[in-house]
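The structure appears below as structure tokens.
Note: hydrogens, waters and symmetry copies are ignored here, and every other heavy atom, side chains too, is used. Chain naming here is simple, since letters A, B, ... match the order of the sequence lines and numbering starts at 1 in each.
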There are 4 protein chains.
Amino acid sequence: MRVFARFSYSHSDHKIVARKPPTKPRKNASQQRSRATVDALIEATARILVKEGFEKASTNRIAEVAGVSVGSLYQYFPSKEAIVAAVIGRHNEEVMGLVRTALAEVAGLPIDKAVRKLVAVAIEAHRINPKLHRVLAEQIPRTGQLAEVEAFNREVHTLVRTYLESRRNEMRKVDIDLAAFICVSAIESVAHNTVLNHAEMLTEKMVKVLVDETTRMVVGYLR
Amino acid sequence: MRVFARFSYSHSDHKIVARKPPTKPRKNASQQRSRATVDALIEATARILVKEGFEKASTNRIAEVAGVSVGSLYQYFPSKEAIVAAVIGRHNEEVMGLVRTALAEVAGLPIDKAVRKLVAVAIEAHRINPKLHRVLAEQIPRTGQLAEVEAFNREVHTLVRTYLESRRNEMRKVDIDLAAFICVSAIESVAHNTVLNHAEMLTEKMVKVLVDETTRMVVGYLR
Amino acid sequence: MRVFARFSYSHSDHKIVARKPPTKPRKNASQQRSRATVDALIEATARILVKEGFEKASTNRIAEVAGVSVGSLYQYFPSKEAIVAAVIGRHNEEVMGLVRTALAEVAGLPIDKAVRKLVAVAIEAHRINPKLHRVLAEQIPRTGQLAEVEAFNREVHTLVRTYLESRRNEMRKVDIDLAAFICVSAIESVAHNTVLNHAEMLTEKMVKVLVDETTRMVVGYLR
Amino acid sequence: MRVFARFSYSHSDHKIVARKPPTKPRKNASQQRSRATVDALIEATARILVKEGFEKASTNRIAEVAGVSVGSLYQYFPSKEAIVAAVIGRHNEEVMGLVRTALAEVAGLPIDKAVRKLVAVAIEAHRINPKLHRVLAEQIPRTGQLAEVEAFNREVHTLVRTYLESRRNEMRKVDIDLAAFICVSAIESVAHNTVLNHAEMLTEKMVKVLVDETTRMVVGYLR
DNA sequence: CATGAATGAGGTTTCATTCAT
DNA sequence: GATGAATGAAACCTCATTCAT
């Protein structure tokens with residue numbers, strides 16, 4: 001659900017455009033050993049990001065935590081940005097897994113069931129790793145990952161839009177794109193604020209109530 | 001409207017808690033000359049943040065753009081964080097002006113009029129300086145301004161909650177805090193996504209439609 | 001007693017000789033007000049040196065503690081070194097007062113009485129302000145005060161030497177300069193180590209014992 | 001012989017206690033290349049300290065003189081203080097070598113022979129590198145090396161005390177600790193003043209005379 | 001004379017990145 | 001491929017000193 005939506009605003013019109021360091025992985029890491037190293041590096045980065053914050057995530061520290069040398073890091077990632085980008089990518093994939101599954105399951109369901117499911121999955125997605133989510137969200141503009149996040153957002157929008165179209169007969173007359181935009185925004189926002197601001201004291205009871213209420217709002221809006 | 005709501009999630013449980021640099025201004029800058037310098041510094045910082053991004057906002061560069069020496073910067077701000085905090089503070093005040101005024105005006109109005117106003121002001125607030133808003137939002141966790149932003153959020157929540165209480169007779173039976181949370185989230189989110197993702201191609205027509213739709217959603221939810 | 005003796009070793013053969021900043025007071029400060037300001041500055045410097053250490057003794061801080069502006073500081077002292085030099089001068093005068101008085105009193109006395117007096121006065125001199133003494137001692141090479149300290153040392157040496165000459169009949173056959181050097185070294189050293197290393201737990205009883213022992217050593221040496 | 005005795009007075013009751021920068025070496029530098037770099041850095045620091053003074057010993061300058069980059073300096077030393085501490089450590093070791101050897105050799109000897117040896121070694125220790133000795137002595141309080149120097153002093157005191165105890169039958173009745181304190185102070189002081197104030201014009205003849213006289217004083221005192 | 005805002009050289013330290021081994 | 005020592009630009013910040021008011 002536009003998980004990183006709020007960061008998709010382009011920074012590209014900076015007067016001084018710094019040459020962005022390369023961000024594509026250097027090799028396919030097809031070999032097993034390589035793959036393990038790459039994973040260790042990504043995992044180490046994620047862990048540092050979560051536990052110590054972005055400032056502490058130096059390449060040397062990442063390599064150290066991953067148990068390899070800096071040299072090896074640069075064997076697989078051309079720059080620091082690239083490794084952060086990989087972490088973003090991995091997190092995105094996890095989130096996308098949830099979202100795509102949910103949207104597939106929802107296909108034939110009536111609007112109220114469907115929305116409830118989407119709200120639930122949005123909260124679930126934010127709960128995968130709230131802190132990582134947050135740190136990554138902050139770092140996206142720096143890592144030149146805007147494009148990928150936009151793509152992600154567009155995909156969500158399209159999926160929701162497609163679903164809504166298939167249910168047009170249950171809905172009042174409304175521009176489908178607009179409705180999708182508003183629904184996605186509202187759902188994502190409630191999920192985001194719920195999880196990021198109240199993560200620690202979130203009971204299942206409270207989650208249920210929030211899902212109920214948000215569903216009511218969105219369904220009420222669509223019908 | 002919880003303008004920075006999504007950044008109030010606490011980072012305080014980092015394993016390694018870095019000593020936050022001081023963020024309170026060093027002098028009151030009551031004299032005229034001082035005041036001008038301080039203003040120039042804040043203004044320069046805002047400009048750099050918007051045009052060149054956070055990375056370029058080094059203290060030397062800020063001083064240079066402000067047309068003063070680094071020494072002067074440190075005469076008034078004890079750290080780099082402090083000056084970013086000041087920019088946040090200034091921006092917050094502007095936003096707060098709008099929000100408080102709107103909430104005052106709304107006091108006696110029925111829910112539909114009130115919500116429309118709130119939606120409109122949320123969008124307006126985001127349009128004051130969308131790019132600055134965005135960069136600041138990203139930097140808030142770094143500047144130790146979370147507390148102030150939380151206070152801001154709480155104030156908005158309380159004001160909205162108070163308004164809703166006064167209109168309980170127009171509303172269905174619902175927990176007021178919950179309703180306030182959901183409304184504020186939804187409104188803020190639409191405003192945020194609207195402005196930050198589509199700032200350049202935003203016509204007044206579109207804004208009107210968005211206000212209409214969001215109002216419909218929120219009002220439908222409350223009644 | 002060669003109170004700063006160990007710092008009189010010349011640094012003047014540094015390969016790169018920095019232009020020493022001027023150290024002579026700018027004006028005679030004859031007026032009353034001026035005198036008060038100068039005193040306040042010297043006193044503030046001494047206090048900071050003692051309580052916060054040399055690193056904290058910036059000119060701005062000195063002026064602040066003295067309750068005047070930095071500008072005023074520079075009205076009376078041409079450089080930071082100059083004000084530290086003034087503090088050294090003031091402390092030296094105090095010490096010198098004690099030492100000269102003691103040497104005058106001692107003039108007609110036999111060696112054992114005289115030495116006892118000198119040892120006592122050496123300890124007393126170190127106890128005037130042990131911490132200030134220590135900090136100043138460290139700073140002397142930096143302040144270009146070596147010459148003055150040398151003069152101070154020479155004066156002490158000469159006074160002691162003169163005394164010893166007058167008592168040659170009580171002494172064994174020995175080079176007077178050599179004897180003076182050794183006596184002054186020994187006395188000063190005991191006083192220095194006693195006070196600086198054990199200042200806090202120094203009882204009058206202990207001082208007496210130390211005076212007894214040192215006197216015994218020196219007198220035994222001379223006879 | 002309490003080579004740095006006069007600097008062991010504690011500064012720890014400063015009102016404002018600055019966080020001391022870390023002073024322990026960062027790596028063991030077991031590899032060859034590392035070792036060479038570390039040595040070059042320590043050597044460069046010592047050289048600058050001696051030839052240009054403490055003020056000129058900036059980290060950049062040290063690195064430059066050592067022929068490495070600043071980065072390398074910080075690879076091995078966590079702060080500027082740490083490298084000065086290392087220089088102190090190295091110098092201390094040299095001095096300690098002499099002192100320990102002398103005290104071992106002296107073990108079975110009668111007091112007069114032993115004292116002569118100790119006086120001689122004290123002067124010898126000061127002559128290893130008088131200028132370095134001096135600069136380091138001044139810098140010890142700044143480098144948080146007080147503890148180590150105290151330990152050094154205590155060791156010397158204990159060794160001397162132990163020797164004196166073994167020779168009690170040759171001595172008059174006197175508190176052994178007190179006697180050790182006074183002897184060590186006197187010997188160290190003569191050595192210090194002799195070498196630091198007259199280093200350049202010190203003939204072997206003069207040294208011999210000084211050793212004779214100091215020995216006479218100390219032995220006379222003990223018997 | 002006094003004030004204190006302003007200056008800016010220079011100090012310490014970090015960290016992404018390279019490259020000899 | 002892997003290692004980790006080395007690099008050095010650049011960031012933050014201090015403080016002695018000046019000078020307009």
Inset, instruction - For a side chain to side chain contact (heavy atoms under 4.5 Å, CB included) with C/I62, tell me which candidate from C/T45, C/V84, C/I42 qualifies. - result: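 Of all the options given, the one that passes is C/T45.
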
Is there a side-chain polar atom (N or O) of [X] under 4.0 Å from OP1 or OP2 of [N]?
X     : N      : answer
B/T37 : E/dA6  : yes
D/T59 : E/dG11 : no
B/Y76 : E/dA6  : yes
A/Y74 : E/dT17 : yes
B/S69 : E/dT7  : yes

Inset, instruction - For the residue pair C/V50 and C/V135, establish whether any side-chain heavy-atom pair is separated by less than 4.5 Å. - result: no

Inset, instruction - Quick one: closest heavy-atom pair of B/S34 and B/Y76, and the distance? - result: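 In terms of heavy atoms, the two residues are closest at OG-OH, 3.1 Å.
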
Legend entry - Closest approach of C/A66 to C/L41 (non-hydrogen atoms, all atoms of both residues):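 Closest heavy-atom pair between C/A66 and C/L41: CB-CD2, 3.7 Å.
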
Rounded distance in Å - [atom1] ([X]) to [atom2] ([N]):
X     : N      : atom1 : atom2 : result
B/E64 : F/dA10 : CD    : C1'   : 14 Å
C/Q75 : E/dT3  : CD    : C1'   : 10 Å
B/I83 : F/dC13 : CD1   : P     : 11 Å
C/F54 : F/dT14 : CZ    : P     : 17 Å
D/N60 : F/dA9  : CG    : P     : 11 Å
B/F77 : F/dT14 : CZ    : C1'   : 18 Å
B/R61 : F/dA9  : CZ    : P     : 20 Å
C/L73 : F/dT18 : CG    : P     : 12 Å

Inset, instruction - Identify all stems in which DNA chain E takes part, counting only runs of at least 3 consecutive pairs (Watson-Crick or G-U wobble, each distance under 3.5 Å), and give each as one range with another, ordered by first number. - result: E:2-21 with F:2-21

Inset, instruction - Tell me what B/E55 touches on the nucleic acid: a base, only sugar-phosphate, or nothing, going by heavy atoms under 4.0 Å. - result: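 B/E55: no heavy atom of the nucleic acid under 4.0 Å.
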
Inset, instruction - Report which part of the nucleic acid A/S58 touches: base, sugar-phosphate, or nothing (heavy-atom distance under 4.0 Å, all strands). - result: sugar-phosphate

Legend entry - Atom pair CD (B/E81) and CD1 (B/I88), whose distance is rounded to the nearest 0.5 Å: 9.5 Å

Inset, instruction - Supply the atom-to-atom distance D/E55 CD to D/L49 CG, rounded to the nearest 0.5 angstrom. - result: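 Going from the CD atom of D/E55 to the CG atom of D/L49 covers 10.0 Å.
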
Inset, instruction - Could you pick out which residue, C/V70 or B/V70, lies toward the 5' side of DNA chain F when each is mapped onto its nearest nucleotide? - result: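 The answer here is B/V70.
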
Inset, instruction - Find which nucleotide of DNA chain F each of C/G71 and D/S72 is nearest to by heavy atoms, and output the residue with the more 5' nucleotide. - result: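 It is D/S72 whose nearest nucleotide is closer to the 5' end.
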
Legend entry - Side chain C/K80, main chain C/A57, donor-acceptor under 3.5 Å: yes

Legend entry - Pair B/R61-B/E52, salt bridge (charged side-chain N to carboxylate O under 4.0 Å, His left out): steps then yes or no: CA-CA 11 Å; B/R61 178 111 184 82; B/E52 309 175 31; 2.9 Å; yes

Inset, instruction - State which of E/dA16, E/dC1, F/dC13 makes the closest approach to the side chain of B/S79. - result: F/dC13

Legend entry - Comparing B/G67 and A/A57 on DNA chain E - which has the more 5′ nearest nucleotide: B/G67

